[in-house]
Visitor: 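Got a structure for you, questions after.
Numbering of ligands and ligand atoms starts at 1, following listing order. Atoms considered below: every heavy atom in the structure, side chains included; atoms not considered: hydrogens, waters and symmetry mates.
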Amino acid sequence: MIKNDNQILVIFGASGDLTARKLIPAIYNLYKKDYLPEKYAIVGVGRTSYDDEEFRQKAVIENEHIKKEGDKSLEDFAKLIHYHSLDTSNKEDYKGLSDRLHSIDDDFGTNCNVIFYLSVPPSLYGVIPKHLAYAGLNEEKSGWTRLIIEKPFGYDLESAKELNKTLLEDYREDQIYRIDHYLGKETVQNLLVTRFSNSIFEPLWNRNYIHRVEITSAESVGVEKRGGYYDGSGALRDMVQNHLLQLIGLVAMEPPVKSDANSIRNEKLKVFQSLRPMTPEDVKNNVIRGQYTSSKIKGEEVKGYREEEGVDPESKTETFVALKFFIDNWRWSGVPFYIRSGKKLPTRVSEVVIHFKPNHHRLFSQSQKINSQNMLVLRIQPDEGVLLKFGMKVPGQGFDVKNVNMDFLYSDLTDAYVPDAYERLILDCMQGDATLYARGDSVEAAWEFIDPILKAWKEDSSIPIYGYPAGTWGPENVDDLIEGEHMMWRYPCKNLAEDGIFCEL
Ligand code: BG6
């Protein structure tokens with residue numbers, strides 16, 4: 001086990017939802033597993049005024065997202081936590097924070113190693129690091145300083161470039177950790193292992209054998225309480241620009257020379273640079289956007305997107321997007337890639353589906369059923385696992401062929417503790433490993449692909465936004481995107497091995 005440096009974690013946005021739901025529970029799990037260094041402190045920062053004890057109660061003792069089990073005491077963990085109140089927009093306040101951190105450093109002996117975690121609205125991503133630098137908190141005199149920045153990183157290409165530029169005025173690239181929680185998911189990391197540790201898949205992983213690649217990320221929830229944020233974002237910015245393009249990067253990249261941060265991130269960058277830019281005509285033909293409308297799900301009335309709290313009643317923000325695109329490089333030339341993501345779909349599921357080409361010569365009378373070719377499904381969530389579909393003889397007369405399933409489920413592992421994405425990512429940052437964080441150049445390259453779509457939607461009002469009843473798989477014409485006869489999206493169920501429009505959800 002790598003020994004972690006003694007350190008302080010400073011969380012901006014300490015009274016926010018992410019801190020309670022993800023960050024504090026993740027750090028508590030690290031604590032229970034003895035991953036925290038001997039000398040460790042957490043400082044919550046926010047505008048609301050609490051004293052240390054009040055914040056400990058709120059953030060830890062009364063936190064309903066913490067699983068209170070094991071022999072490590074929650075009370076002892078809570079003692080690691082402190083609170084400092086500050087107005088994030090007032091740079092003079094940061095001198096007080098600096099004094100506080102120095103005094104905690106003296107008390108705890110954390111060697112001046114600090115991570116600043118920005119769990120705040122995106123408008124503050126440039127402001128807080130600047131003000132930290134004003135108070136000298138970016139300097140690495142005797143320890144190290146790292147910044148973790150939540151998504152969305154930028155609103156479009158221009159704002160992402162601007163933000164990178166602002167950050168790089170005071171910090172080095174290797175101090176900046178741009179978080180994309182999908183990369184912290186165990187099943188996402190397994191994409192690399194499936195590809196590069198099995199000699200049976202990699203030889204097939206190219207245009208000669210793969211017909212198409214499909215990625216679905218469906219959510220059954222709507223925008224819930226985040227209407228205000230989401231209405232200015234939409235599915236393309238919220239899910240595709242970051243999480244789903246990161247998945248594409250891992251599925252499509254060349255084998256890295258080594259498994260270190262730069263080798264892996266260099267290969268992903270090359271994928272993003274090879275994405276074929278979309279013309280306004282491509283956007284019309286190859287991108288479908290939709291918005292959920294009111295409907296009845298299991299007998300209950302469900303609101304449409306435009307009726308949700310914080311959403312403009314005439315909003316044109318997409319809650320669903322599906323796109324077809326190409327990667328113009330040696331490996332993938334001519335292979336279509338499909339991405340589909342949306343809210344208020346029939347179930348929550350994320351998966352990558354590799355569709356293999358059919359045999360060149362059809363020997364047996366395999367009926368031309370929909371999606372009847374070999375298929376490898378890498379299930380990200382839920383029912384995490386890997387599924388291979390292949391043809392088997394139907395017992396009896398003749399040579400009738402039927403597609404059957406061979407699957408592996410994480411839940412079948414005896415010690416299947418699958419850590420939460422945040423646990424893995426925070427631990428990596430503590431150890432200075434940026435492999436699973438997005439690098440500035442690749443974030444910009446991803447925006448470069450997304451920008452023309454946003455621009456076409458903005459400038460061409462004839463591009464429709466289709467309504468789809470909440471609880472359905474998006475606009476009806478979305479299957480038309482898939483190239484080829486007898487081809488459609490896989491309609492996944494909660495259960496990895498089942499699919500089809502009518503499967504149990
Ligand atoms: C977030 C998006 O980044 O990812 C949310 O802002 C979305 O809108 C969430 O619901 C999905 O994450 P997960 O881990 O539940 O798939």
Visitor: Flag Lys151 as yes when one of its N or O atoms lies below 3.5 Å from any N or O atom of ligand 1, and as no otherwise.
Guide: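 N/O-N/O distance under 3.5 Å: yes.
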Visitor: Is Arg306 salt-bridged to Asp231, cutoff N-O under 4.0 Å?
Guide: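 The answer is no: the pair does not qualify as a salt bridge.
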Visitor: Tell me whether Tyr182 reaches ligand 1 (any heavy atom closer than 4.0 angstrom to a ligand atom).
Guide: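 Yes; Tyr182 lies near enough to ligand 1 that a heavy-atom distance drops under 4.0 Å.
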Visitor: Relative to the heavy atoms of His243, which atoms of ligand 1 are at a distance of less than 4.0 Å?
Guide: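 Once the distances to His243 are compared, the set is 1 (C), 3 (O), 4 (O).
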Visitor: Judged by atom type as modelled, is there a donor-acceptor pair below 3.5 Å linking the side chain of Asp260 to the main-chain atoms of Ser263?
Guide: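 Yes, because the side chain of Asp260 sits within donor-acceptor range (under 3.5 Å) of the backbone of Ser263.
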Visitor: Using atom types as modelled and distance alone, determine if a side-chain donor or acceptor of Asn286 lies under 3.5 Å from a backbone N or O of Leu323.
Guide: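 No.
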Visitor: Ignoring hydrogens and angles, tell me if any N or O in the side chain of Tyr171 forms a donor-acceptor pair with the backbone of Pro129 under 3.5 Å.
Guide: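 At least one qualifying donor-acceptor pair exists.
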Visitor: May I ask you to decide whether Asp407 forms a salt bridge with Arg379, counting only side-chain N to carboxylate O separations under 4.0 Å?
Guide: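 No, Asp407 and Arg379 are not salt-bridged.
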Visitor: For atom 12 (O) of ligand 1, which protein heavy atom lies nearest, and how many Å away is it?
Guide: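 Answer for atom 12 (O) of ligand 1: His181 NE2, 3.2 Å.
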Visitor: With nothing but distance in play, are any N or O atoms of Glu219 less than 3.5 Å from an N or O of ligand 1?
Guide: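 It does: an N or O of Glu219 is found under 3.5 Å from an N or O of ligand 1.
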Visitor: If you count the atoms of ligand 1 from 1 in the order shown, which ones are under 4.0 Å from a heavy atom of Lys343?
Guide: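 Heavy-atom distances to Lys343 below 4.0 Å select 5 (C), 7 (C), 8 (O), 10 (O).
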Visitor: Which protein non-hydrogen atom lies closest to atom 15 (O) of ligand 1, naming both residue and atom, and how far is it?
Guide: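 Scanning the protein heavy atoms, the shortest distance from atom 15 (O) of ligand 1 goes to Arg348 NH2, 3.3 Å.
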Visitor: Could you find the nearest protein heavy atom to atom 6 (O) of ligand 1 and give me its residue, atom name and distance?
Guide: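 Result: Asp238 OD1, 2.6 Å.
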Visitor: Hey, is CD on Glu158 packed in by over 12 heavy atoms from elsewhere, all under 6.0 Å?
Guide: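 Not more than 12 within 6.0 Å, no.
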Visitor: Consider every N or O of Lys185 and every N or O of ligand 1, then say whether any pair is closer than 3.5 Å.
Guide: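 Indeed, backbone or side chain, Lys185 has an N or O that close.
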Visitor: Are any side-chain N or O atoms of Ser197 and backbone N or O atoms of Val193, one a donor and one an acceptor, separated by less than 3.5 Å?
Guide: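 Looks like yes, one N/O pair under 3.5 Å.
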